[in-house]
Amino acid sequence: MEFFSDVPEPVAFAGTDPGPGGLGYQVYDPNRTVAGKRMEDHLRIAVCYWHSFAWPGSDIFGEGTFDRPWINSDADPITAAEAKQDAAFEFFQKLGVPYFCFHDVDMAPTGNSLREFKSNLDHMVDRAAQKMSETGTKLLWGTANMFSHPRYAAGAATNPDPEVFAHACAQVKNALEATQQLGGANYVLWGGREGYETLLNTRMKQEADQLARFLELVANHKRNIGFNGTLLIEPKPQEPTKHQYDYDCATVHGFLERYDLLGDYFVNIEVNHATLAGHSFHHEVAYAVDNGIFGSVDANRGDPQNGWDTDQFPNSVDELSLALFEILRSGGFTTGGFNFDTKLRRQSMDRTDLFHGHIGGIDTLAQSLLVAEALLYDGTLEHTRDERYAGWQGDLGTQIMDPNTTLAAIAEAATAADLDPKPRSGRQEALENRVNQVIWGTT
Ligand code: XUL
Ligand code: CO
């Protein structure tokens, strides 16, 4: 059955004339070379299964609004899961992007036991493997949903009950192996309920030790089965819990270092999670790149007027260009990519709205990539930073960093040389203007 018959042909690069209905890419041209690589290979775009195919458009105040014939609660669960999978693969192919991402529960009915869930997952994963080989679509990452079921209300790995921890182990083992079977490039852990609602009943240190143990077990299993994708942690400060332990990139980095897990885990940075943590997306990417933990991105945006995770499709080149610049200057993605962890608005109920949301988001990323390339070639930012820190390459900088130098020796040298350093302009406005000139193409 064809679900997206209003879009008979795959969406293609159309340049300035997107054609009837506007279903063409204006900027995203997979084969265009940008900074020495194909655009498709830079962006490594993925569609997510959950918001796009498993969610009917419900919110906490109202039921689903979307026209999604494949979501049918009266149907036999496996038949419904198969229809959802058909719709998803039809969409991936018609959108013309290389990757998708999924949670175990998006793909397969959970049944009434771990055993039943596993056998449903096996069936659906075999079927997905078949569809992937027919369509050429690849898996960017898989993950396990350990936050929706009531058993996880007090967390999965951080639950006070070890039986819940063990249940989570079974779920992650199965989801990791499913990801491996599908040739996934990464495996993601988002700890939606790994946090607390109140400190009145919480032992933070105990929960941190449990989380670290869990991450250690998962990393060991990855090695045992020979999964060669990357393990990614997705930071988020809160929602659904009041406080989430994987607050932001710096918190995750510190946690990994504390528990000797650096090198086993990298980060999947989500734009709207960065802004919920009080950072810019640019900041989170720059932090991860600088500290060697950058992995992948969940592309979306928040709404500056409210403080929750609205997961809207990205539409601001200004917001994304500088983050893309950091990614590009660090050499780009390795196993990661841009996953659209994005939701349509509840009033966008037509099936074609799913195309419009993704096409706009993809074009925004593509345009941001072009700006990032122009910023790289322009060189102003890099040159300014080089100049600003040049002193650290000189004698004094080298001497300060020498581990044998003491505070007293530096003080003595400063006094003897009668140092009286003068402040210098940080040139912020000039640099902001330069970035705008590059974005506007007026340089
Ligand atoms: C929730 C979120 C998740 C993860 C995967 O905010 O971003 O969808 O990406 O569990
Ligand atoms: Co996400």
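Every value quoted in this text rests on a predicted model; they were computed, and no experiment measured them.
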Taking everything shown except N224 itself, do over 12 heavy atoms lie less than 6.0 Å from its CG? yes
Would you check if the distance from the ring center of F266 to the ring center of F294 is below 6.0 Å? no
Has the side chain of D311 got a donor or acceptor atom that lies under 3.5 Å from a matching backbone atom of R301? no
Closer than 4.0 angstrom, basic N to acidic O: yes or no for K236 and D248? no
Counting N and O atoms only, with roles assigned by atom type, does the side chain of D41 sit under 3.5 Å from a partner on the main chain of K37, one being a donor and the other an acceptor? no
Under 4.0 Å between a side-chain nitrogen and a carboxylate oxygen: does that hold for D264 and R223? yes
So, R32 and D29, do they make that salt bridge, N to O below 4.0 Å? no
Any side-chain heavy-atom pair of F325 and L376 under 4.5 Å: yes
Over all atoms of both residues, closest heavy-atom pair of T65 and R346: OG1-O, 2.6 Å
Indicate, with yes or no, if the rings of F165 and F214 have centres closer together than 6.0 Å. yes
Candidates V271, L324, L140 - the one meeting side chain to side chain contact (heavy atoms under 4.5 Å, CB included) with F338: L324
T342 side chain to F340 main-chain N or O, any donor-acceptor pair under 3.5 Å? yes
Kindly assign one of parallel, tilted or perpendicular to the pair F4 and F91, based on the angle between their ring planes and the thresholds 30° and 60°. tilted
With the threshold set at 4.0 Å, does a side-chain nitrogen-carboxylate oxygen contact exist between K118 and E177? no
Any cation-pi pair here, K138 with Y99, using under 6.0 Å and within 45°? yes
Go through the steps for N300 and Q312 under the test side chain to side chain donor-acceptor pair (under 3.5 Å), then give the verdict. CA-CA 5 Å; N300 58 28; Q312 290 169 248; over 6 Å; no
Check: H103 main-chain N/O paired with N145 side-chain donor or acceptor under 3.5 Å: no
Tell me if the aromatic rings of W141 and F102 count as close, with their centers under 6.0 Å from one another. no
Just by distance, do the side chain of E270 and the backbone of V297 share a donor-acceptor pair under 3.5 Å? no
Could you walk me through whether N268 and D298 pass the side chain to side chain donor-acceptor pair (under 3.5 Å) check? CA-CA 7 Å; N268 181 40; D298 271 7; 3.2 Å; yes
Can R203 and D209 be counted as an ion pair, charged N to O under 4.0 angstrom? no
Over 60° means perpendicular and under 30° means parallel, so classify the ring planes of H253 and Y287, tilted if in between. perpendicular
Set of ring-ring contact (aromatic ring centres under 6.0 Å, His included) partners for H51, sequence neighbours left out: none
When you measure from the side chain of R434 to the backbone of L381, do you find a donor-acceptor pair of N or O atoms at a distance under 3.5 Å? no
Sequence neighbours excluded, which residues qualify as salt bridge (Lys or Arg N to Asp or Glu O under 4.0 Å) partners of E373? none
Just say parallel, tilted or perpendicular for the rings of F53 and F92, cut-offs at 30° and 60°. perpendicular
